[in-house]
A.B. asks: 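Mind looking over this structure? Questions follow.
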Amino acid sequence: INAKKKIDDELLEEIEEILISGDVGVETTLEIIENVKQRVRKEKYEESHELYRILREEVAGIFPEKQFREDGLSNRPYVILVIGVNGTGKTTTIGKLANRFRQQGKKVLLAAGDTFRAAAIEQLEIWAQRVNVDLVKHQFGADPGAVAFDAIQAGRSRQADVVIIDTAGRLHTKVNLMEELKKVQRVIQKVDPGAPHLNLLVLDGTTGQNALNQARQFIDAVGVDGIVLTKLDGTAKGGAVIGIAHQLKLPVEYIGVGEGIDDLQPFDPQLYAESLFA
Amino acid sequence: DLSSKLESVLKKVRGQGKLTEKNIADSLKEIRRALLEADVNYKVVKNFITEVQEKALGEEVLRSITPGQQIVKIVYDELVQLMGESHTDMKTAGIPPTIVMICGLQGSGKTTFTGKLGNFLRKKGRRPMLVGADVYRPAAKKQLEMLGESIGIPVYTSPSNDALEICRASIKAAREKACDVLILDTAGRLHIDEDMMRELEQVKKELKPHEILFVADGMTGQDAVNAAKQFLDRLDFDGVVLTKMDGDARGGAALSIRAVTQRPIKFLSIGEKLDAVEAFHPDRMASRILG
Ligand SMILES: Nc1nc2c(ncn2[C@@H]2O[C@H](COP(=O)(O)OP(=O)(O)OP(=O)(O)O)[C@@H](O)[C@H]2O)c(=O)[nH]1
Ligand SMILES: Nc1nc2c(ncn2[C@@H]2O[C@H](COP(=O)(O)OP(=O)(O)OP(=O)(O)O)[C@@H](O)[C@H]2O)c(=O)[nH]1
Ligand SMILES: [Mg+2]
Ligand SMILES: [Mg+2]
């Protein structure tokens, strides 16, 4: 971008390519470029480095404020339900979150709510051991609602600050699986009408425009409070999350930047906007 | 979606006497947008539209009775041609075991596909053995063991934390169990992770797999070409598997990966169960991408 001095159609096409190649999607890209063009005209910008700054501001400004205040958890326990389609990084993210909360001095309890996929319980169990937190689990094939129920009860009796519930990956298009998720939420609401206090949708940073469909369906089924965008340590930019922020007003709470226990960062819209154009 | 968008574009085009450069450009603009919305890579779309444009400007179309329909037909045919032939078979070893290496990014569906491939080959009368060579992911070996057990296919794993060593030892295990196909499940990895890519290169160098399959998530967006290119450059894989195609992702990654690697798509994974796998059909894929 900075090689060119003037703002012209060729430069705007370069920007279109950057945004679309970052998975921002056609509609959102056109809107961003249109807004930027208006500002350039109104504020009479001529230089490309100014355009770059406007773009970053425009993109960063799309993201709503984070919903989740780590230091303000009043519920005992604060219940987090982790949901999303298959393979996005839910179980790994729960391990990282548990570690983060534990480092903040919180008492964490995990729930092995994926009773369907081979070795899902064992996978979360290893994370619980790594982080040194309690895990509530039933047998393979058990009712996920029952696991969630037990976990919240255990969280209460053990005075946990946070209970994080893992769920099986499920495609948003599978009606019966989305019904199962609704049922898990209803069971949670029976134990505590205010729970889950946070529904976190875990999105894979390499996913394209399908991410918007995923977000819409999960919002429709159980509601979503925030997003965790994973695998940003690769070459993908996760730009579908911009369309989601814009159209569905969902904030991004954290990003996953690796497979290790510390590879979770609170989302920073400014840093994200910079990385998009890096 | 493309179908209804194309309808209105076609109506405009059909109403005109013949195809002009202007209305070809207009319909291609709609098609370009549809392909991008289907997650086809930006550069791949650019090249593709240029090819179609050249064909559409040909004498044949200008004389056609329904020029708009002709453009869509050209796009569809070009897509089918680009997607390649329908089901390309995997290579088989002269002396067993045939070795198949499964690789790809994190979470793309490799371990599940390893089970599926084992199931698929056994139905064809082969005697597969699955190999748990993912030494990093918590409970990865257990996951493969459970999958193998669920369909009665032997799984070789060992407590070793050296993937190469496990693969090497699996050959002897296969011969002992008279298995004629070894399917190596490897850890998910980033194409930009030097150490992990080198691990795969070492496994390839020593085991000399007869078939290397790159497993990609069907809902991958623009980044599909980056990983595919790197894996191709470093491993020269033989074929591609697209997973999670039972969802509603348009699957543009299929076209991107195919365009950039020229490797055939050999299987589609269409569900979590081990029998949910099907051979690839280029015409069906073209229709899906076009919406
Ligand atoms: N590079 C990278 N890999 C990640 C990240 N988050 C998760 N992974 C990897 O992605 C793969 C899938 O992670 P899981 O935590 O099993 O995903 P999941 O959503 O729980 O999967 P299912 O339960 O099967 O739906 C694993 O190999 C993880 O190590 C990340 O931020 N970066
Ligand atoms: N709906 C659907 N889910 C699938 C398909 N293939 C795999 N999955 C699911 O996707 C998730 C990830 O699958 P895995 O086989 O663990 O993926 P992987 O590539 O081995 O993951 P890593 O080893 O961590 O890189 C699991 O929840 C699988 O059940 C598919 O074709 N359709
Ligand atoms: Mg999981
Ligand atoms: Mg695996």
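Here is the naming used below: chain letters follow the sequence lines, and residue numbers restart at 1 for every chain. Source: prediction; values computed, not measured.
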A.B. asks: Under 3.5 Å, is there a donor-acceptor pair between the side chain of B/Asp39 and the main chain of A/Gln209?
C.D. replies: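 Side chain of B/Asp39 to backbone of A/Gln209: a pair is present.
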
A.B. asks: Is it true that, when you exclude A/Lys137 itself, more than 12 heavy atoms of the residues, nucleotides or ligands shown sit nearer than 6.0 Å to its NZ?
C.D. replies: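 At most 12 heavy atoms, drawn from other residues, nucleotides or ligands, come within 6.0 Å of this atom.
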
A.B. asks: Just by modelled atom types, is the B/Gln106 backbone N or O under 3.5 Å from a matching donor or acceptor in the A/Lys231 side chain?
C.D. replies: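 Yes, A/Lys231 side chain to B/Gln106 backbone: donor-acceptor pair under 3.5 Å.
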
A.B. asks: Mind checking whether B/Leu36 and A/Ile20 have side chains closer than 4.5 Å, heavy atoms only?
C.D. replies: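 Sidechains of A/Ile20 and B/Leu36: in contact.
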
A.B. asks: Which bit of B/Glu145 comes within less than 4.5 Å of chain A, counting heavy atoms only: side chain, backbone, both or neither?
C.D. replies: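 Contact with chain A involves no heavy atom of B/Glu145 at all.
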
A.B. asks: Please classify the contact between A/Glu27 and chain B as side chain, backbone, both or neither, with a heavy-atom cut-off of under 4.5 Å.
C.D. replies: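 When you check distances to chain B, atoms from both the backbone and side chain of A/Glu27 fall under 4.5 Å.
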
A.B. asks: Do you know which of A/Ala211, A/Gly22, A/Gly95, A/Gly234 has the most heavy-atom pairs with chain B at a distance under 4.5 angstrom?
C.D. replies: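 Option with the top pair count is A/Gly234.
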
A.B. asks: So what's closer than 4.5 Å to chain A heavy atoms on B/Lys141: side chain, backbone, both or neither?
C.D. replies: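 No part of it gets close to chain A.
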
A.B. asks: Out of curiosity, A/Asn86 CG to B/Glu272 CD, how far, rounded to the nearest 0.5 Å?
C.D. replies: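 Separation between the atoms: 4.0 Å.
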
A.B. asks: Just checking A/Gln129: does its CD atom have more than 12 heavy atoms from other residues, nucleotides or ligands closer to it than 6.0 angstrom?
C.D. replies: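 Enclosed: over 12 neighbouring heavy atoms sit under 6.0 Å from CD of A/Gln129.
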
A.B. asks: When rounded to the nearest 0.5 angstrom, what distance separates CE in B/Met219 from OG1 in A/Thr207?
C.D. replies: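 That separation rounds to 5.0 Å.
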
A.B. asks: Does atom NZ of B/Lys273 have more than 12 heavy-atom neighbours from other groups under 6.0 Å away?
C.D. replies: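 Counting neighbours around NZ of B/Lys273, 12 or fewer heavy atoms of other residues, nucleotides or ligands fall under 6.0 Å, so no.
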
A.B. asks: Thinking salt bridges, do B/Arg32 and A/Glu16 make one under a 4.0 Å N-O criterion?
C.D. replies: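 Looking at A/Glu16 together with B/Arg32, the answer is yes, because their closest N to O distance falls below 4.0 Å.
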
A.B. asks: So which atom in A/Ala119 and which in B/Ala139 form the shortest heavy-atom distance, rounded to 0.1 Å?
C.D. replies: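 Minimum heavy-atom contact is CB-O, 3.7 Å.
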
A.B. asks: Taking all heavy atoms of B/Pro138 and all of A/Arg130, pick out the closest pair and write down the distance.
C.D. replies: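 Scanning both residues, the minimum pair turns out to be CG-NH2, 3.8 Å.
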
A.B. asks: Starting at OH of B/Tyr42, measure out to OG1 of A/Thr29 and round the result to the nearest 0.5 Å.
C.D. replies: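 Answer rounded to 0.5 Å: 9.0 Å.
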
A.B. asks: In Å and rounded to the nearest 0.5 Å, what is the CD to CG distance from A/Glu259 to B/Asp193?
C.D. replies: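 These two atoms lie 8.5 Å from each other.
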
A.B. asks: Counting distance only, does the side-chain N/O of B/Asp223 pair as donor-acceptor with the main-chain N or O of A/Thr206 below 3.5 Å?
C.D. replies: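 Not at all, since once roles are kept as given, no pair shorter than 3.5 Å links the two residues.
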
A.B. asks: More than 12 heavy atoms of other residues, nucleotides or ligands under 6.0 Å from CG of A/Asp9: yes or no?
C.D. replies: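 No, the 6.0 Å shell around CG holds no more than 12 heavy atoms from other groups.
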
A.B. asks: Taking the side chain as C-beta and beyond, is there a heavy-atom pair between B/Gln143 and A/Arg117 under 4.5 Å?
C.D. replies: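 When only atoms from C-beta onward are counted, A/Arg117 and B/Gln143 do touch, with a gap below 4.5 Å.
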
A.B. asks: Looking at B/Lys43 and A/Glu17, is there a salt bridge between them, counting it only when a charged N and a carboxylate O are closer than 4.0 Å?
C.D. replies: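 Looking at A/Glu17 and B/Lys43, the cut-off is met.
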
A.B. asks: So which of A/Asn213, A/Leu124, A/Thr91 has the biggest tally of heavy-atom pairs under 4.5 Å with chain B?
C.D. replies: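 Result: the option with the highest number of such pairs is A/Asn213.
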
A.B. asks: Which atoms of A/Leu30 are under 4.5 Å from chain B, going by heavy atoms: the side chain, the backbone, both sets, or neither?
C.D. replies: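 Contact with chain B: side chain only.
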
A.B. asks: Could you have a look at A/Ala118, A/Gly87, A/Gly239 and say which one has the most heavy-atom pairs with chain B under 4.5 angstrom?
C.D. replies: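 Max contact count across the listed options: A/Ala118.
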
A.B. asks: Taking all non-hydrogen atoms of both residues into account, name the closest pair between B/Lys244 and A/Leu171 and its distance.
C.D. replies: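 B/Lys244 and A/Leu171 have their closest heavy atoms at O-CD1, 4.4 Å.
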
A.B. asks: What residue in B/Asp248, B/Thr220, B/Thr243 has the most heavy-atom pairs under 4.5 Å with chain A?
C.D. replies: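 When all of B/Asp248, B/Thr220, B/Thr243 are compared, B/Asp248 has the most.
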
A.B. asks: Below 4.5 Å from any heavy atom of chain B, which atoms of A/Lys174 appear? Answer side chain, backbone, both or neither.
C.D. replies: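 Contact with chain B involves the side chain of A/Lys174 alone.
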
